[in-house]
Amino acid sequence: MVMPLYIEKKPEVLITEEGIRTDGRKPRELRPIRMTVGVLDKADGSAFIEWGGNRILAAVFGPREVHPKHMILPDKALVRARYNMAPFSTPERKRPGPDRRSVELSKVIREALKPAIFAENYPGSVIDIFVEVLRSDAGTRVAGVNAASMALANAGISMRGLVAACAVGRVENFVICDLNHDEDMWGNADMPMAMLMESEEVTLLQIDGPMTESQFKEALELGRDSIRFLYEMQKEALKRPYQVIERSVKGDL
Amino acid sequence: MVMPLYIEKKPEVLITEEGIRTDGRKPRELRPIRMTVGVLDKADGSAFIEWGGNRILAAVFGPREVHPKHMILPDKALVRARYNMAPFSTPERKRPGPDRRSVELSKVIREALKPAIFAENYPGSVIDIFVEVLRSDAGTRVAGVNAASMALANAGISMRGLVAACAVGRVENFVICDLNHDEDMWGNADMPMAMLMESEEVTLLQIDGPMTESQFKEALELGRDSIRFLYEMQKEALKRPYQVIERSVKGDL
Amino acid sequence: MVMPLYIEKKPEVLITEEGIRTDGRKPRELRPIRMTVGVLDKADGSAFIEWGGNRILAAVFGPREVHPKHMILPDKALVRARYNMAPFSTPERKRPGPDRRSVELSKVIREALKPAIFAENYPGSVIDIFVEVLRSDAGTRVAGVNAASMALANAGISMRGLVAACAVGRVENFVICDLNHDEDMWGNADMPMAMLMESEEVTLLQIDGPMTESQFKEALELGRDSIRFLYEMQKEALKRPYQVIERSVKGDL
Amino acid sequence: MFGPELITHNLLRDYIRELASQDQRIDGRSLHEFRPIEIKEGTFTKAEGEAWLKLGNTQVLVGVKADVGEPFSDTPNKGVLVSNAELLPLASPAFEPGPPNENSIEVARVVDRAIRSADAIDMSSLVITEGKLVYMIFLDMYVLDYDGNLEDALTMASLIALARAEISEVEVNDEGEMIIKESKWKLRLKDIPVNFTFVKIEDKLLLDPVLEEEQVSDAAITLAIDKEGRVCSIQKKHGMFTMEEIIKAANIARSKWPQITDKIMRVI
Amino acid sequence: MFGPELITHNLLRDYIRELASQDQRIDGRSLHEFRPIEIKEGTFTKAEGEAWLKLGNTQVLVGVKADVGEPFSDTPNKGVLVSNAELLPLASPAFEPGPPNENSIEVARVVDRAIRSADAIDMSSLVITEGKLVYMIFLDMYVLDYDGNLEDALTMASLIALARAEISEVEVNDEGEMIIKESKWKLRLKDIPVNFTFVKIEDKLLLDPVLEEEQVSDAAITLAIDKEGRVCSIQKKHGMFTMEEIIKAANIARSKWPQITDKIMRVI
Amino acid sequence: MFGPELITHNLLRDYIRELASQDQRIDGRSLHEFRPIEIKEGTFTKAEGEAWLKLGNTQVLVGVKADVGEPFSDTPNKGVLVSNAELLPLASPAFEPGPPNENSIEVARVVDRAIRSADAIDMSSLVITEGKLVYMIFLDMYVLDYDGNLEDALTMASLIALARAEISEVEVNDEGEMIIKESKWKLRLKDIPVNFTFVKIEDKLLLDPVLEEEQVSDAAITLAIDKEGRVCSIQKKHGMFTMEEIIKAANIARSKWPQITDKIMRVI
């Protein structure tokens, strides 16, 4: 029997009547974000994202030879993604190896990125995407999608465009963007979202928690606005590999 | 630690001096049986058997391509069988996945059916047999053999003949057929048995519990008689796919 | 919860001031050793070693076809080794299957033997080495290397020469050879060592526990001396397959 | 779309897509129409609650079993729900025996998420002794025949099986021993969060796709609607959607909710 | 017959089958004769009881280890027996490293079933404190060299190892702590349920087949006989038998029982 | 040298070996010189102690986490140290996802053995209640970018992460419940057992090899030196060494120890 040296505490108020959140942000305000592209030597492409307390590394290998061979697709590239949490990424140590959550997230991230990749340009090969969560602090899947999208570009994979991502959600009657740990844990609804920015089509969308018709529409729109902001940062980071690109929204998106 | 909401109770008397069993049956009496053929759309052949409290679904795919390739037999079909118990098939929830018992039963069922299949007619292919126990109530392996044999026929696999099966056993000095849960659990000997009906040769035989020379002979004969009865039901069910065929022995076989 | 019927007891004195060890040996004295070659019928080569309380069986298959195929080396033989402890080889029953220690030892043993094998003589094939510890009593990896080396020779694999092995170590200020259970458990340093005897080059060397510069040199030399002794026994055993070759050092190497 | 991709002839692909462009489907349904839903009568499991449901040719069997155990340390005042789906190899040539894979995990989590996000089960009602003993509910979803749209079929069957479940009452006596009583209690549902799965073919949304429609589709999404008409769970699967399409799918789902719920209410 | 099927040349196949038709065998034995049985002297394990047995060229090593643990909740007044067989890769080119497979599981269960169905071990004698603490007996069967008929070799070696086992006595003191004592007790056998394996070649039954006979045979069956001459366990393996053949095999087995039991009794 | 062997062109092989014969290396270093060592500033994990270390292009991240649990029954007065290495697939095209393999197990054990054999952690200081409650230290080594010599990089990073670790104090109250306090204690190191890895090319020893040097080398060995200059751990990897070469490697390692230790001391 192993006991963690950690106790989860629920804040008394998640959001004030004036819309002030537990970390002092307003509903449409993002946490600080830093992006760095090209941080690894051996990967074909890589990116590092620091977003609030998240630290996430993404790398891409490919197009390369497929193993095992029976997975080869003759007319296009096989796209694989692996989302993995480091044992030291959580307050309580996480056992290494995939669990049900990480298996699902690996699929969701793959499906978020696949529409952006010109897979038909690389028949018979594989493009491997690895997302390693080194430190988790709510929103790891969307942070991972942003980093992985930059790593794909950094690897020179031909793409329809970048995929950018952000979580939105609901705390009481407020639709908010970029949920923090408390909001993720105790809020009313969580909605991670990603878009292929060429056409602003949604490539990742999940919801956990109820939203009314109008809240849902508001959330989709706030998601799109947040994602546009992320997209601008991605482009800037890709222009200056090895440089840290840093930003956050103060006040309002 | 998970505790089941279930307590096993041993009956005071398993069989009366007059040979009346815990469910009121006589020694040579079968529980009610229903057979239905062709119950699944996607499988090449299928059958459903309800026997006492058992509910068992069998399906056959094949002849089809072998994966992994190194298992291919150049001169005949590979025959595979999988016996599996649903998590909700037992009083206490069963963890999904194979255990030692189901691995052995898969082999025993495969060996019960293989002698009936003209495997040499399908060189280089595989015939896959799946037996899913949805509800278990003693005698699942023989019920599974009956269903699987019908599913093979329903799939149009060429066969020497049908395989039919029944358990016999001993409770005190009575040789009985078609053991119920109590007899299976607390009886003195259990003997599942299957025959290829063309030649009435034994393709499945196991014993668990001692029988004298004469009891053993009596058991083999009662097994054969029971199996003949099952065989007639199988033939009828196969003549009328999608129709339920229902029967049981009242009194004596 | 399973509790073993076994209590580990630390001896009060591991070595006396006069250098007498817990089993009465002097520092440079080996336990009794018996070697037998050709003990198995189906393996291509085999050897059995009894060394102190150790009982270890080694067998070699090959050169033979490689499975799975993607492991084939086109220009030389693949060499694989598996070190495995029987469930009944330890005071407390060991769960079957590899653990981290046995995975490491399998690698260390393979690397100890590979330099001796003319792998280039068998391109595209595999040489499989199996070391089964039936009874363990300190020094199983070096006993295993001795047995495996003889099994390779017994299988007729072409080799640069035999590999012989022995553990040395330190208990207090004494450098000793062939550690027994107590010394392995409670001593200050343990240093298993193997040499390819043609050139007396070291093919296995591990240390666990500190040794000063001079102790380390002394240990290496004592290791070499012990290994020379083992080598002579190996040669003799290989000359007389199916004969037991038995020896130990009384007093001093 | 599962596992080794099933090959659909180009002809069939073109035919399905051509039909869709004319608001038609291969089985004659309209775009936003469910296949016939049938709940089989009988006892097929040893579960505390069960449902064998046919959605067209898709057949699923869901069993709800209850055990007793310790609560998680961070939720001492809540019971435990464990959801698991098995894509049985007898349900499709594309399914292989083995431990849960990406597809079976995703579908189980999509059903589970709908139930949890709508708060359909009162988890605090599962507590026997706070922090010590709670009911553990195992929701085992068995796929018997796979002709598309497992999400919706499994969600409906799960809701029925849960609502039907009758669980032995348990007492803890003075010595701290657990006593299983003869009497049973019913696991009531507080909500009926139905899932609705759409595939997209060009600019058309098709509700409740059959297997071939899944295979030739451009994108797929599953949405759950709760009794207040709120979207309480979404899973976008392959492909991509415009925001307008998603809002449209949510509206269609909302309009279909009463019809499906009515079917469910009749059998529980 | 195990794993990747070993290829036997057609010539050898024809030769063995031809011999059988004349009541002869490749190693000169008669049809119902065992190969020489040898029990190796010495200590080869750290088990509480052990036996290294050679049946012709087949070599097996069985070790019996005892631990202490909790009984199963449904058998509070019985100890625990765990049987496990390892088909070591050094025993045959057909055996591969890895977790127990179909063949090792079957052979372990066949040995285990013979022992249990004859009630050979008094399971209630393994109880230390009812419902709390019992001896757990681990029967580990190791196949070292595989030249056919593992069932019979492993059953004999298991019976010897069990009968030889000397296990530390255990006491529970007033504080409920377990004390391991110096003294030992012997695990006595109440019965000697020997297994007899036959293969069938055309209409002939061959007892104790060697590997090549297994490979070219039409069918195989293993029967256990208890001390009262009763059949207490059967496992039909591949192929099929007439009822008459099965009765004949049981009669042969019954007639051989005293000879094998005598061998076993001499070394325990 | 790991997993599927990376192909190095013969030209590069010949070039590296030719350079070595002239006491030169591809990156301009002398034979017994380390690559630049850089410790990244920042917080990258949720561990109690961490270090992101670059050794040339090799990058590793080590996190030390602490939990509380029971001690092993044979060491009731000692805490528990669990060491684990993950060769992440993003670190090299030669690494594949999956459970620990031979290479990750070996490297974790080599680091672990250096720390234990030098007694660098006072294991008895990890006891909270003897025999009942101890701190469990998880040393998780993450390889992010693999350009050779993981052993030395991981050992340095592990020592730093351990020395930096600040762990919550724990109390057991009268009811036997565990109370986590606000205050922290530091896990102090009693020794700094640094690992030194050499590859051999012909008769030359190269310290801190890059990936390509590992691949074309004849042999490899890792030695740990403690603060008293003693060799406290060795792992010979592939190939073979003369006794003289091993003694020479130990002497070089001993002479480099102060330089590496100095680097480590500056950041802890």
Side-chain angles (χ1 to χ4, degrees), chain A residues 1-7 34 39-48 50 53-62 64-65 67-68 80-98 102 106 126 128-137 147-148 151 181 244, chain F residues 4 6 42-50 52 54 56-59 61-70 80 82 84-86 88-100 104 133 135-142 144-147 161 167-170 178-181 184 211:
Chain A
M1 189 192 45
V2 175
M3 287 163 291
L5 289 173
Y6 169 75
I7 299 159
R34 301 175 69 187
V39 294
L40 299 179
D41 185 54
K42 297 297 174 191
D44 294 324
S46 60
F48 186 53
E50 301 165 82
N54 293 302
R55 302 289 181 272
I56 293 164
L57 197 53
V60 167
F61 288 86
R64 62 178 175 180
E65 221 181 307
H67 293 286
R80 293 189 291 214
R82 186 177 101 123
Y83 167 97
N84 187 52
M85 294 189 83
F88 42 63
S89 65
T90 46
E92 179 176 352
R93 182 186 185 253
K94 206 203 142 288
R95 266 173 165 282
S102 69
S106 295
V126 62
D128 277 313
I129 301 163
F130 299 108
V131 173
E132 285 291 334
V133 179
L134 306 177
R135 191 173 196 279
S136 74
D137 185 36
H181 172 83
V244 176
Chain F
L6 299 168
T43 302
F44 304 106
T45 74
K46 286 227 165 135
E48 271 80 12
E50 65 174 76
W52 184 324
K54 297 177 80 162
N57 281 329
T58 289
Q59 291 194 64
L61 173 59
V62 173
V64 169
K65 285 212 63 82
D67 285 338
V68 161
E70 281 175 40
V80 173
V82 177
N84 182 53
E86 301 275 325
L88 298 180
L90 56 63
S92 167
F95 295 167
E96 287 176 13
S104 58
L133 211 61
Y135 288 100
M136 306 183 69
I137 307 296
F138 292 90
L139 180 64
D140 283 297
M141 309 175 221
Y142 241 48
L144 306 177
D145 214 350
Y146 169 46
D147 192 28
I167 300 170
S168 293
E169 283 188 40
V170 160
M178 188 180 94
I179 312 292
I180 302 169
K181 305 209 295 189
K184 310 252 182 185
L211 180 59

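Convention: sequence-line order gives letters A, B, ...; per-chain numbering from 1.
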Quick check for you: to the nearest 0.5 Å, what is the distance between [X] atom [atom1] and [Y] atom [atom2]?
{"X": "A:K94", "Y": "F:F138", "atom1": "NZ", "atom2": "CZ", "value": "13.0 Å"}
{"X": "F:F95", "Y": "F:L88", "atom1": "CZ", "atom2": "CG", "value": "8.5 Å"}
{"X": "A:R34", "Y": "A:E50", "atom1": "CZ", "atom2": "CD", "value": "4.5 Å"}
{"X": "F:T45", "Y": "F:K65", "atom1": "OG1", "atom2": "NZ", "value": "7.5 Å"}

Point to revise | Side chain to side chain, A:F130 and A:F61, heavy atoms closer than 4.5 Å | key: yes
Point to revise | Per-residue contact mode, A:N84 against chain F (heavy atom under 4.5 angstrom) | key: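 For A:N84, the side chain is the part near chain F, not the backbone.
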**Study point:** Part of A:V60 lying under 4.5 Å from any heavy atom of chain F
**Key:** neither
Practice item. Mark yes or no for whether F:E48, through its side chain, and F:A66, through its backbone, hold a donor-acceptor pair below 3.5 Å. Key: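 Looks like yes, one N/O pair under 3.5 Å.
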**Study point:** Salt bridge present between A:E132 and A:R82 (N-O < 4.0 angstrom)
**Key:** yes
Portion of [X] that has a non-hydrogen atom of chain A nearer than 4.5 angstrom:
{"X": "F:L144", "result": "both"}
{"X": "F:P99", "result": "neither"}
{"X": "F:L61", "result": "both"}
{"X": "F:T58", "result": "neither"}
{"X": "F:V170", "result": "side chain"}

Counting heavy-atom pairs under 4.5 Å to chain F, which of [options] comes out on top?
{"options": "A:S136, A:P98, A:P87, A:S89", "result": "A:P87"}
{"options": "A:A43, A:A59, A:A86", "result": "A:A86"}
{"options": "A:G62, A:P96, A:A58, A:G97", "result": "A:P96"}
{"options": "A:L57, A:V133, A:L134, A:D44", "result": "A:L134"}
{"options": "A:R64, A:R55, A:R93", "result": "A:R93"}

Check your understanding: For the candidates F:G42, F:G98, F:P97, F:P89, which exhibits the highest count of non-hydrogen atom pairs separated by less than 4.5 Å from chain A?
Key -> F:P89
Practice item. Give the ring-plane orientation class for F:F44 versus A:F48, where under 30° counts as parallel, over 60° as perpendicular and anything between as tilted. Key: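 F:F44 vs A:F48 ring planes: tilted.
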Practice item. Identify the heavy atoms of A:K42 and F:Y146 that sit nearest to each other, and give their distance. Key: CE-O, 3.3 Å
